[in-house]
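Please read the structure below before turning to the comments.
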Number of protein chains: 2
Amino acid sequence: MYLPHCDILIARLRQAGLRITPQREMIVEAIAHSASHLTAEEIYLRVSQPARPVNLATVYRTLELLTEMGFVSRLDLGGGQVSYAAQHHGSHIHLVCRRCGTVIDAEQGLLEALRRQLQAQYHFAADLGHISVPGLCVKCAVSG
Amino acid sequence: MYLPHCDILIARLRQAGLRITPQREMIVEAIAHSASHLTAEEIYLRVSQPARPVNLATVYRTLELLTEMGFVSRLDLGGGQVSYAAQHHGSHIHLVCRRCGTVIDAEQGLLEALRRQLQAQYHFAADLGHISVPGLCVKCAVSG
DNA sequence: CTTAGTGCAAAGGATTTGCAAGCCC
DNA sequence: GGGCTTGCAAATCCTTTGCACTAAG
């Protein structure tokens with residue numbers, strides 16, 4: 001990967017005047033190394049070891065922090081739980097089937113054009129790294 | 001508006017073999033007439049009158065129904081509550097500021113091209129009527 | 001009539017919060 | 001040392017569910 005590695009993220013947190021605790025390091029690592037999106041609980045399960053327990057509340061607080069700093073993005077993929085993903089996975093869309101809940105990850109070149117246009121027209125700096133789009137997958141479109 | 005009015009939605013529910021209750025009519029009306037997205041509770045507040053009370057649980061159940069039928073889409077605009085919007089408002093994007101939570105509604109011509117491409121490449125019938133995109137609004141981009 | 005739909009109340013789950021103790025800087 | 005962070009546990013809050021009753025078709 002070429003873009004922000006977890007060390008860089010840690011450095012930025014420090015630059016922002018935030019304290020680097022082992023908990024935060026582990027959480028950043030977990031999310032940065034994951035190939036895809038994770039729920040708060042999944043992160044908690046990966047991070048909290050018997051030897052060095054991390055509290056779920058801390059996971060939530062850290063995720064909120066990272067989200068606000070723009071390092072991770074929140075996704076609603078349905079199912080009542082919010083997912084989080086690092087911003088460096090390359091732009092892609094999560095196609096979420098509204099019928100069966102399946103999530104398809106789609107690469108999409110059109111996103112860059114969209115990002116530029118949103119910046120120009122609305123002065124909005126969009127994080128198009130991870131957006132979710134509802135719809136119907138083939139299977140459900142056929143059966144429905 | 002040219003596209004589905006609430007009467008048409010009601011008719012489709014009936015065609016689907018579902019029963020048309022006053023509660024469902026009111027909920028469909030509320031969401032179809034609203035100019036933008038609403039949370040379940042906002043819909044509840046609009047729909048439930050002292051004279052003819054509607055239960056919150058019914059609102060949730062109806063929204064789930066309408067979502068599955070594809071009449072409304074669920075949006076996570078942050079803030080812990082899910083919002084719902086009718087599908088006939090014309091394609092637009094909800095730009096959600098990850099810092100201050102402001103939601104900007106953006107018209108976007110690029111969406112149609114995107115929809116076609118998702119259909120062609122992934123056989124996914126995307127509802128691009130309402131998607132949300134995280135990012136930073138001008139104000140927060142400047143102050144941040 | 002039949003059975004989907006509603007209301008009510010209680011359960012369920014994810015996320016948040018208050019506060020004392022701990023640790024980074 | 002000072003104050004940001006954590007852990008813990010309780011509190012919140014949104015949403016779902018079970019069940020008896022009501023009403024749409």
Side-chain angles (χ1 to χ4, degrees), chain A residues 9-28 30-31 37-69 72-84 98 101, chain B residues 9-28 30-31 37-45 47-69 71-84 98 101:
Chain A
L9 296 183
I10 296 286
R12 289 208 198 143
L13 288 176
R14 184 172 280 124
Q15 280 169 30
L18 297 166
R19 297 189 179 170
I20 307 308
T21 65
Q23 291 89 333
R24 284 181 175 172
E25 277 187 322
M26 295 168 77
I27 292 169
V28 167
I31 218 176
H37 43 85
L38 300 167
T39 64
E41 194 176 359
E42 286 168 339
I43 294 170
Y44 167 68
L45 290 174
R46 297 193 183 198
V47 158
S48 190
Q49 306 288 327
R52 194 185 262 288
V54 177
N55 197 282
L56 223 200
T58 300
V59 173
Y60 276 108
R61 283 187 281 226
T62 303
L63 285 172
E64 189 189 347
L65 186 79
L66 295 175
T67 301
E68 195 180 304
M69 306 236 1
V72 306
S73 52
R74 300 173 50 120
L75 321 167
D76 176 24
L77 302 180
Q81 246 166 317
V82 174
S83 291
Y84 298 81
R98 66 166 179 265
Chain B
L9 296 183
I10 295 287
R12 288 208 198 142
L13 289 176
R14 184 172 281 125
Q15 279 169 31
L18 298 165
R19 296 184 180 175
I20 307 307
T21 65
Q23 292 89 333
R24 285 183 174 170
E25 278 186 322
M26 294 168 79
I27 293 169
V28 167
I31 216 175
H37 43 84
L38 300 167
T39 64
E41 195 176 358
E42 287 169 338
I43 294 169
Y44 168 68
L45 290 174
V47 158
S48 190
Q49 306 289 325
R52 193 184 263 288
V54 177
N55 197 280
L56 224 200
T58 300
V59 173
Y60 277 107
R61 282 187 282 228
T62 304
L63 285 172
E64 189 189 348
L65 186 79
L66 296 175
T67 301
E68 195 180 303
M69 305 241 353
F71 296 166
V72 306
S73 52
R74 301 173 49 120
L75 322 166
D76 176 24
L77 302 180
Q81 247 168 317
V82 174
S83 291
Y84 299 81
R98 66 165 178 266

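Below, chains carry the letters A, B, ... as their sequence lines are ordered, and counting in each starts from 1. Just so you know, these numbers use all the heavy atoms, side chains as well, and skip hydrogens, waters and symmetry mates. This is a predicted model, so every value here is computed, not measured.
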| request: Kindly write out the residues that satisfy salt bridge (charged side-chain N to carboxylate O under 4.0 Å, His left out) with B:R98, not counting sequence neighbours, or none if the list is empty. | output: A:D127

| query | How bent is the helix from C:dC1-D:dG25 to C:dC25-D:dG1, comparing axes over its five end pairs at each side, to the nearest 10°? | reply | 50°

| said: Tell me every residue that passes side chain to side chain contact (heavy atoms under 4.5 Å, CB included) with A:A16, counting only those two or more places apart in sequence or in another chain. | reply: A:L18, A:M69

| Least distance between heavy atoms, A:L38 atom then A:R46 atom | CD2-NH2, 3.5 Å

| query | Roughly how many Å is it from CD1 in A:I27 to C1' in D:dG7, rounded to a whole number? | reply | 13 Å

| Boundaries of the chain A footprint along DNA chain C (any atom under 4.0 Å from a heavy atom) | C:dA14 to C:dC25

| Less than 4.5 Å apart, any side-chain heavy atom of B:T62 and any of B:I43? | no

| field | Length of the line joining A:L63:CG and D:dT5:P, which is rounded to integer Å | value | 15 Å

| query | Residues two or more places apart in sequence or in another chain: which of them pass side chain to side chain contact (heavy atoms under 4.5 Å, CB included) with B:T67? | reply | B:V72, B:R74, B:Y84

| request: Assign each of B:N55 and A:L56 to its nearest nucleotide of DNA chain D by heavy atoms, then name whichever residue's nucleotide is nearer the 5' end. | output: A:L56

| said: At under 4.0 Å between heavy atoms, how does the protein contact nucleotides 18-25 of chain D? Give one character per nucleotide, 5' to 3', with B, S or -. | reply: B----BBS

| request: Side-chain contact test, heavy atoms from C-beta onward, threshold under 4.5 Å: evaluate it for A:I31 versus A:L9 and give yes or no. | output: no

| message | Suppose we screen for salt bridge (charged side-chain N to carboxylate O under 4.0 Å, His left out). Which residues come up paired with A:E64, at least two apart in sequence or across chains? | response | none

| task | Just jot down the side chain to side chain contact (heavy atoms under 4.5 Å, CB included) partners of B:L56, sequence neighbours excluded, or say none. | result | B:Y44, B:V59, B:Y60

| message | I'd like to check the side chain to side chain contact (heavy atoms under 4.5 Å, CB included) partners of A:R61; sequence neighbours left out, ordered by chain and number. | response | A:A57, A:T58

| remark: A:R52 atom CZ is separated from D:dT5 atom C1', nearest whole Å, by 14 Å

| task | Search all heavy atoms of A:E42 against all heavy atoms of A:H37 and return the closest pair with its distance. | result | OE1-O, 4.1 Å

| Which atoms form the tightest heavy-atom contact between A:S48 and A:P53, and what is the distance? | OG-CA, 3.6 Å

| note | Between OH of A:Y44 and P of D:dT6 the distance, given in whole Å, is 15 Å

